[in-house]
Student: 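One structure is given below, represented as structure tokens, and several questions about it will come after.
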Amino acid sequence: VFWGERPSVWSAVGKPTWGCWKCVPCVLHITTHQMKERHDDQLVMMMEGDHVVALQASHWHFRGEGAANIVLGYGGSFPAFTGKVLRLQKVSGDRRGESSATREAVLPVLTLEEQILWGCWPCVAAATSVSALNQAFARDVVIPFLGDRHVDPGELVPVSTEFSDAMNTAIHEERPEWRAKNSKIDVMSGDALLILDHSMIPSIAGVKWNATPTVSVEIKPKCGFLPISVFIAKENAIKKRVSRFSMHQHLKLARGMIKTVSRYSPLDLFSGSYEKIREAIQALFETPQNNLRVFVDGVLVFGTSAGCPDSQSSEKGGTDYPFESVDRTLKRIISCRDGKRVSLLQRLVLEFLYSSESLSLLLEMQKLDLYDIEGAIHAYYKLLQKRNKTCLGSENRKVDHGIADQTKENDLEGNALFDWLSSLTLEDCRRVVRDYLIAATAKDCSIMITFKQLPIGTTVDDDFTQTYCLENGQNFCSKISFLDLDLKPLKKMPYYYMLDQEIVKSYMSGDSVIGN
């Protein structure tokens with residue numbers, strides 16, 4: 001539509017991103033085989049050849065949700081949506097978001113400073129909806145780090161207010177009560193992301209699947225390295241010896257957010273050591289918190305709903321075997337005597353993770369955080385031209401603009417910080433902050449390991465699929481995907497700093513009683 005008067009330009013565009021190229025509310029998104037057009041009474045109209053199929057709200061059902069999005073599964077029969085889920089933006093309370101279609105002009109969702117910050121990726125900077133922003137960020141920024149075999153940026157589809165209203169009503173009773181009370185689907189968002197259902201194994205040439213269920217294990221690994229930044233204050237040097245996850249457990253326990261401390265260590269998971277990865281997976285199963293969930297055919301069977309407060313999902317329930325329920329569920333999938341299936345499940349996760357490049361790729365992306373938040377926060381404030389005494393390494397390090405108290409240890413340390421900050425250009429500051437935010441996404445994402453038993457006698461000749469045969473003779477294939485790869489807002493930098501200081505303070509003061 002935008003380049004309609006210049007066909008040569010339009011043809012050169014190839015497959016444009018709907019959110020980047022729309023200039024009127026009812027824009028067409030054209031690909032080689034499909035055309036989507038917004039309609040007020042339907043989610044979307046799909047056209048393939050001479051066949052037009054209208055997708056109704058009744059075809060979709062609740063699958064899960066996080067802090068910012070609700071995920072819907074598809075129960076219809078239209079091939080373009082089979083094996084995919086719809087990710088819709090949430091809005092808090094009774095607030096209604098502002099649709100790009102209702103604005104006088106279609107404007108980017110990022111602030112002006114953020115548009116400059118992410119200007120290296122034009123589709124990110126110019127995105128006019130949150131869904132378009134996250135799609136462009138995953139496609140243009142994340143995939144170069146993690147690879148397109150592990151990341152699906154999704155496809156934008158327009159959604160109507162009627163569809164969103166209907167889904168809010170339909171899924172209300174299925175959502176966790178505390179989430180349903182505080183948020184709902186944003187009926188004014190205007191679009192959503194259609195992404196692969198990572199709880200399913202895609203079709204593989206030469207493989208005829210049987211009715212055996214598919215198992216998915218979702219892990220939120222967190223930060224897998226210890227910072228070595230020279231900008232970490234001497235009183236916070238513990239950060240260089242103890243993992244952020246372990247220290248954060250103290251603060252969560254003190255605040256009543258968890259009931260017991262996990263012995264899981266992200267450092268073990270990212271170590272590259274077979275034995276340490278095994279120990280990390282066992283620890284995740286012992287105390288899953290919100291760091292591990294198990295699904296069978298997309299249905300949660302172990303772990304908590306993401307972010308659910310005061311819930312540990314220990315599943316002990318009066319039995320000596322803490323995994324009795326999930327062990328029974330796995331009976332249809334893993335052939336062995338009762339009480340051993342969870343151990344074999346852990347073995348599959350271990351083998352697939354250990355033989356995959358996914359953890360090393362994610363660790364490299366996390367390590368873009370070269371300066372730690374204690375260094376990046378200074379670049380942030382210089383970038384915003386909020387030069388204060390704290391940022392300039394003055395003797396008087398008072399709380400200002402969200403910077404916590406820090407006592408300068410000596411003149412050399414203060415001068416080093418002053419010299420470094422003074423030498424930074426605004427573009428240098430943007431690079432430091434941008435790298436920190438990219439790393440923050442990597443530290444907060446999830447890994448989904450999905451596997452399914454191969455039929456007897458089947459071999460897989462597919463570079464993108466791993467296989468492993470258990471001792472009982474069952475052969476499984478898997479795929480590994482990354483989830484929750486949204487861009488972090490620039491305005492959260494002060495929050496990240498304050499939380500970091502609270503975590504260290506809580507750990508050093510021993511506010512909670514820790515076992516391990």
Side-chain angles (χ1 to χ4, degrees), residues 38-45 54-78 81-102 129-131 134 154-200 216 218 220 257 288-290 293-313 325 446 448 483-484 486:
R38 177 173 176 168
H39 283 251
D40 291 335
D41 58 342
Q42 306 293 344
L43 164 65
V44 64
M45 295 292 287
L55 300 182
Q56 308 290 339
S58 58
H59 292 166
W60 300 85
H61 56 272
F62 180 74
R63 280 287 296 272
E65 66 180 294
N69 302 281
I70 287 178
V71 178
L72 304 179
Y74 181 60
S77 58
F78 188 54
F81 281 71
T82 302
K84 297 186 179 181
V85 295
L86 195 65
R87 191 169 180 253
L88 297 118
Q89 185 184 350
K90 294 201 307 187
V91 66
S92 60
D94 296 327
R95 188 174 68 84
R96 291 172 67 92
E98 182 184 15
S99 168
S100 59
T102 63
S129 73
V130 174
S131 293
N134 290 327
E155 186 175 5
L156 279 171
V157 293
V159 295
S160 66
T161 57
E162 289 78 10
F163 173 82
S164 298
D165 272 330
M167 292 310 307
N168 272 325
T169 301
I171 68 174
H172 182 78
E173 297 300 325
E174 300 179 66
R175 298 176 61 198
E177 183 179 354
W178 69 280
R179 285 202 184 275
K181 182 179 179 181
N182 297 317
S183 63
K184 62 181 180 180
I185 295 172
D186 184 359
V187 300
M188 301 300 291
S189 63
D191 57 18
L193 273 178
L194 186 69
I195 59 178
L196 290 174
D197 184 351
H198 295 299
S199 67
M200 298 176 62
S216 305
E218 181 183 352
K220 189 176 283 289
M257 299 170 67
Q289 296 182 5
N290 70 331
R293 297 191 294 173
V294 179
F295 301 84
V296 173
D297 283 343
V299 178
L300 181 68
V301 298
F302 182 74
T304 64
S305 59
C308 184
D310 59 40
S311 177
Q312 287 294 112
S313 185
S325 175
S446 295
M448 181 79 87
L483 315 175
D484 304 325
D486 295 347

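Note that the coordinates shown come from a computational prediction; the quantities given were computed from them, not determined experimentally.
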Student: What's the shortest heavy-atom distance between S446 and D484, and which atoms?
Tutor: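 Smallest interatomic distance, heavy atoms only, reads OG-OD2, 3.4 Å.
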
Student: Locate the shortest heavy-atom distance separating T82 from Y74; write the atom from each residue and the value.
Tutor: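 Smallest interatomic distance, heavy atoms only, reads N-CD2, 3.9 Å.
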
Student: List the atom of P176, the atom of E65, and the distance in Å for their closest heavy-atom pair.
Tutor: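 Looking at all heavy atoms of both residues, the shortest contact is CD-OE2, 3.6 Å.
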
Student: Evaluate side chain to side chain contact (heavy atoms under 4.5 Å, CB included) for L156 paired with L193, printing each intermediate quantity in order.
Tutor: CA-CA 5 Å; L156 279 171; L193 273 178; 3.9 Å; yes

Student: NE2/H59 to CZ/F163 distance, rounded to the nearest 0.5 angstrom?
Tutor: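 So the NE2 of H59 and the CZ of F163 are separated by 10.5 Å.
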
Student: D197: which residues meet the side chain to side chain donor-acceptor pair (under 3.5 Å) condition with it, sequence neighbours left out?
Tutor: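 In terms of side chain to side chain donor-acceptor pair (under 3.5 Å), with neighbours along the sequence ignored, D197 is linked to R63, S199.
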
Student: Quick check: closest heavy atoms across G73 and V85, and the distance to 0.1 Å?
Tutor: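 The answer is CA-CG1, 4.3 Å.
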
Student: With side chains defined as the heavy atoms from C-beta onward, is the minimum distance between L86 and V157 less than 4.5 Å?
Tutor: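 Result yes, sub-4.5 Å side-chain heavy-atom pair found.
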
Student: For D191 versus V159, what's the shortest heavy-atom pair and its separation?
Tutor: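 That would be N-CG2, 3.5 Å.
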
Student: Decide yes or no for R87 and D486: does some side-chain heavy atom of the first lie under 4.5 Å from some side-chain heavy atom of the second?
Tutor: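 Result yes, sub-4.5 Å side-chain heavy-atom pair found.
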
Student: Is there a side-chain contact between T161 and M188, using heavy atoms and a 4.5 Å cut-off?
Tutor: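 Yes, side chains in contact.
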
Student: Is it the case that the side chain of N168 and the backbone of I185 share a donor-acceptor pair, with hydrogens and angles ignored and the cut-off at 3.5 Å?
Tutor: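 Yes: the side chain of N168 pairs with the backbone of I185.
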
Student: Is any side-chain heavy atom of V130 closer than 4.5 Å to a side-chain heavy atom of D186?
Tutor: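 Contact flag for V130/D186 side chains = no.
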
Student: Closest heavy-atom contact between K90 and G66?
Tutor: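 Closest pair (atom of K90, atom of G66, distance): NZ-O, 2.8 Å.
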
Student: With sequence neighbours excluded, tell me which residues meet side-chain contact (heavy atoms from CB on, under 4.5 Å) with A180.
Tutor: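 Per chain and number, A180 pairs via side-chain contact (heavy atoms from CB on, under 4.5 Å) with H172, R175.
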
Student: Keeping the roles fixed (side chain from K220, backbone from R293), state whether a donor-acceptor pair exists under 3.5 Å.
Tutor: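 Answer holds: no.
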
Student: So, do L88 and M167 sit near enough that their side-chain heavy atoms are less than 4.5 Å apart?
Tutor: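 No. Closest side-chain heavy atoms not under 4.5 Å.
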
Student: Using 30° and 60° as the class boundaries, would you call the ring planes of F81 and W60 parallel, tilted or perpendicular?
Tutor: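 Because their plane-to-plane angle is over 60°, the rings of F81 and W60 count as perpendicular.
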
Student: Check the pair V91 / K184 against side chain to side chain contact (heavy atoms under 4.5 Å, CB included), numbers first and verdict last.
Tutor: CA-CA 6 Å; V91 66; K184 62 181 180 180; 4.0 Å; yes

